[in-house]
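Values below: all heavy atoms of this structure, side chains included; hydrogens, waters and symmetry mates excluded.
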Amino acid sequence: MSSHSEEDAFEGAVSLSARAMAARPAPYLDDLNPAQRQAVEALDGPVLMLAGAGTGKTKALTSRIVHLLAQGRARPDQVLAVTFTNKAAREMKTRIGRMLGETVEGMPWLGTFHAICVKLLRRHAELAGLKSNFTILDTDDQLRLHKQLIVAANIDEKRWPPRMLSGIIDGWKNRAWTPDKVPAAEAGAFDHKAVALYAEYQARLRELNAVDFGDLLLHMVTIFQTREDVLAQYQARFRYILVDEYQDTNVAQYLWLRLLAGKAHNICCVGDDDQSIYGWRGAEVGNILRFEKDFPGATVVRLEQNYRSTGHILAAASGVIAANKGRLGKTLWTAGEEGEKVRLIGHWDGEEEARWVGEEIEAMQGGTRGMAPMSLDDMAILVRASHQMRAFEDRFLTIGLPYRVIGGPRFYERMEIRDAMAYFRLAVSPEDDLAFERVVNTPKRGLGDKAIQTIQTTARANGVSLVEGARLCAEDGLVKGKGGAALALLVKQIGRWHGQVLDEADTHVELAEMILDESGYTSHWQNDKTPEAPGRLENLQELVKALEEFENLQGFLEHVALIMDNGSEAEGAKVSIMTLHAAKGLEFPAVFLPGWEDGLFPSQRSMDESGLKGLEEERRLAYVGITRAEELCTISFAANRRVYGQWQSALPSRFIDELPEAHVEVLTPPGLYGGGYGAAGMAAASPVLQGMAGSELHHKASRADVYNSPGWRRLQTRSQERGMSQPREARAMTINLEAVSAFSEGDRVFHQKFGYGRVTGIEGDKLEISFEKAGTKNVVGRFVVPAAQADDVPF
DNA sequence: TTGCGCCGGCTTTTT
DNA sequence: GCCGGCGCAA
């Protein structure tokens with residue numbers, strides 16, 4: 001294998017520096033706190049490093065690797081270090097390199113689970129019935145195949161959507177179940193057809209000499225399980241194993257690790273059960289909870305000293321996560337300052353929330369909030385679901401506040417990029433049927449379903465690839481007219497491009513440009529008049545630029561199949577907007593956590609589908625969110641929010657109730673509603689608070705303890721006696737009745753959002769109101785005021 | 001074959 | 001309220 005020689009070439013360099021380090025006292029050890037140091041120095045046997053947020057996990061992990069090398073316990077190529085993301089892998093490489101004072105290309109087995117499995121599987125492809133140049137399908141290709149299989153099996157794809165099948169098969173692969181290993185209890189899935197379809201899918205993949213992401217792990221696990229000799233070879237090679245983010249491993253990854261760890265059990269897993277937020281995609285928190293059982297005699301080290309956040313922020317996060325059961329348990333502490341309390345604020349609706357956050361950010365940026373001016377780069381808005389981003393984007397666009405959305409559609413997932421890549425794939429290997437299918441009619445060549453059908457049958461009948469089939473169709477006139485001519489040209493072009501790839505006469509960058517021009521793909525977007533066309537052309541240019549860093553097209557395609565990197569953009573300071581999931585591992589001086597409303601966060605769907613387990617994962621997400629903040633954390637919620645076009649009232653999140661009051665400061669909303677800041681007056685005069693109270697009351701049956709939220713408590717009872725002696729039920733009834741009895745049919749009313757209208761029906765606490773501007777709506781009674789009073793509401 | 005209009009569905013996302 | 005997928009009409 002060529003990779004062997006590469007590895008060996010670098011070994012010398014790294015070992016040298018490793019020896020140099022061993023000679024002098026290890027400076028990297030002095031940098032560590034006692035817990036970190038223990039985790040680094042416990043070299044033998046299994047180690048579980050429980051690393052809370054911001055406790056220097058990566059530092060400990062990289063120091064451990066350096067220590068292993070420095071102590072001469074292993075050569076760089078005998079250390080297996082796995083991460084989940086390429087970003088994490090890259091960071092580890094950089095940091096190790098920095099510590100060793102040179103590059104560590106000599107660590108060939110530091111990478112993501114998937115990248116390492118690709119490397120292994122290419123060496124042993126034949127054991128999985130593949131050729132070593134197999135292609136890696138992305139989710140899109142996968143879905144198309146599943147759809148084809150469903151159609152072929154005459155299954156109604158309305159009732160049994162391909163997405164569902166993909167989900168089922170992915171889930172099975174995550175659990176390392178090959179088609180024959182799917183347990184009987186699961187066989188009912190997809191109208192009892194999933195197992196058969198799964199088997200067909202695997203067969204089809206083998207025909208295509210392709211694997212999907214799940215297969216990378218699954219094939220390797222199967223090989224290790226069935227071929228002791230192969231397993232033994234790698235057990236011997238990998239003297240030390242290190243795993244990052246262990247709480248995110250799924251069953252397949254877990255089995256893979258256990259197999260490789262063998263008897264020596266020199267495995268060090270780093271993770272934080274409190275940050276397990278990927279259960280929905282197969283991660284098993286159980287893996288980390290079970291570690292000591294799986295690896296008896298394990299050293300467990302807790303990293304609890306936090307270097308990131310202030311005391312109040314840590315305490316707030318700890319208070320929330322404490323409500324989860326079955327934790328391994330950690331107590332984060334900091335030697336730093338208490339800092340500012342976590343701020344909590346409620347708003348009337350989502351737009352107002354966005355407006356407030358925008359103003360707050362501008363104030364912080366200008367230093368007018370009593371703190372030193374802060375760069376926009378130091379602020380982030382973390383949301384539960386990406387659709388929440390829109391409100392902020394809209395607002396920031398209006399006020400001209402620069403922002404960046406992190407984790408949107410990734411560069412390599414964009415349509416134009418995928419199309420272009422399909423052309424490249426065809427040039428590299430004309431047998432790539434999926435690539436051919438993708439671009440055969442892009443740009444439009446007058447080749448519709450019928451033509452493609454014909455090509456497919458012809459190819460099938462002759463046992464050749466689709467490109468070959470297409471050539472036959474064009475020659476034999478099976479596809480006629482304009483389409484036929486276009487098809488003949490395309491086939492000819494593919495042949496020529498492939499020839500040019502082979503004889504390497506042109507650089508691959510030139511070739512790529514040529515392919516995009518000749519195929520008509522560039523002009524396709526040049527002629528496109530839609531507003532996004534220029535952006536797409538730009539992306540294509542960027543793609544070609546990205547090619548420059550690679551030796552050839554093949555190398556590039558290989559890289560891209562595994563690495564979905566965002567095109568990086570630097571210029572100018574910007575506020576970051578991203579989901580909580582995307583924020584994991586990041587940190588910002590100031591963090592905004594909007595949308596803390598029950599149903600949105602925690603997400604209703606998560607709770608419906610996964611019950612308590614789902615809720616606990618949501619809570620961990622809350623914990624992740626809060627612990628992203630270094631100095632200032634602001635949580636907010638809105639009483640009303642537009643969900644799928646409908647206005648809905650919402651309760652403050654139950655997680656707000658769990659914030660320890662001592663570490664939270666409740667902000668009163670700005671003077672928009674009534675100006676007076678006296679608590680009692682606020683509660684009486686402010687529609688915001690009436691709305692809050694009302695919505696809480698509305699849901700009282702499901703949520704008995706909503707009144708425990710510090711925000712609510714303070715705002716409602718600041719001037720009253722502490723303690724909630726009054727029975728909730730009774731109070732609820734009182735206010736509820738008031739609210740309902742306030743209106744009768746025919747009343748003219750005013751609503752903050754919909755304006756003036758007339759009550760046309762009453763049902764319980766809901767009013768049907770015919771609004772002058774907004775049409776007929778069902779509105780909860782407490783959100784409207786008699787029209788006459790509305791004139792008194794200050795704006 | 002393509003383009004348009006309607007209907008349904010709708011967290012989170014890495015590899 | 002928006003997007004994507006499908007079916008139908010030209």
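Applying the 4.0 Å criterion to OP1 and OP2 of dC6(C), one finds that Lys147(A) has a side-chain N or O inside that range.
Between the CG atom of Asp244(A) and the C1' atom of dT15(B) there is a distance of 15 Å, rounded to whole Å. Following rounding to the nearest Å, Glu245(A) (CD) and dT15(B) (C1') show an atom-to-atom distance of 15 Å. Following rounding to the nearest Å, Lys158(A) (NZ) and dG4(C) (P) show an atom-to-atom distance of 17 Å. At whole-Å resolution of the value, CD1 in Ile150(A) and P in dG5(C) are 14 Å apart. One atom, CD of Gln142(A), and another, C1' of dT15(B), lie 11 Å apart when rounded to the nearest Å.
Under the 4.0 Å criterion applied to side-chain N and carboxylate O atoms, Lys613(A) and Glu616(A) are not assigned as salt-bridge partners. Salt bridge annotation for Arg605(A)-Asp608(A): absent, with no cationic side-chain nitrogen under 4.0 angstrom from a carboxylate oxygen. We find that Arg327(A) and Asp273(A) are not joined by a salt bridge, their nearest charged nitrogen and carboxylate oxygen being 4.0 Å or further apart.
The residue Leu447(A) sits close only to the backbone: its heavy atoms come under 4.0 Å of sugar-phosphate atoms, none of a base. Contacts of Asn441(A) with the nucleic acid, taken as non-hydrogen atoms under 4.0 Å apart, involve only primed sugar atoms and P, OP1 or OP2. Contacts of Arg163(A) with the nucleic acid, taken as non-hydrogen atoms under 4.0 Å apart, are absent.
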B/S/- contact track for nucleotides 7-14 of chain B, protein heavy atom under 4.0 Å = ---BBBBB
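Partner of Arg641(A) under the side-chain hydrogen bond (donor to acceptor under 3.5 Å, both in side chains) criterion, chosen from Gln388(A), Glu353(A), Gln646(A): Glu353(A). When each of Asp432(A), Asn133(A), Thr135(A) is paired with Asn209(A), the side-chain hydrogen bond (donor to acceptor under 3.5 Å, both in side chains) condition holds for Asn133(A) and for no other.
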Would Asp244(A) and Lys57(A) satisfy salt bridge (Lys or Arg N to Asp or Glu O under 4.0 Å), going step by step from the backbone distance to the final call?
-> CA-CA 9 Å; Asp244(A) 193 16; Lys57(A) 169 194 75 166; 3.3 Å; yes
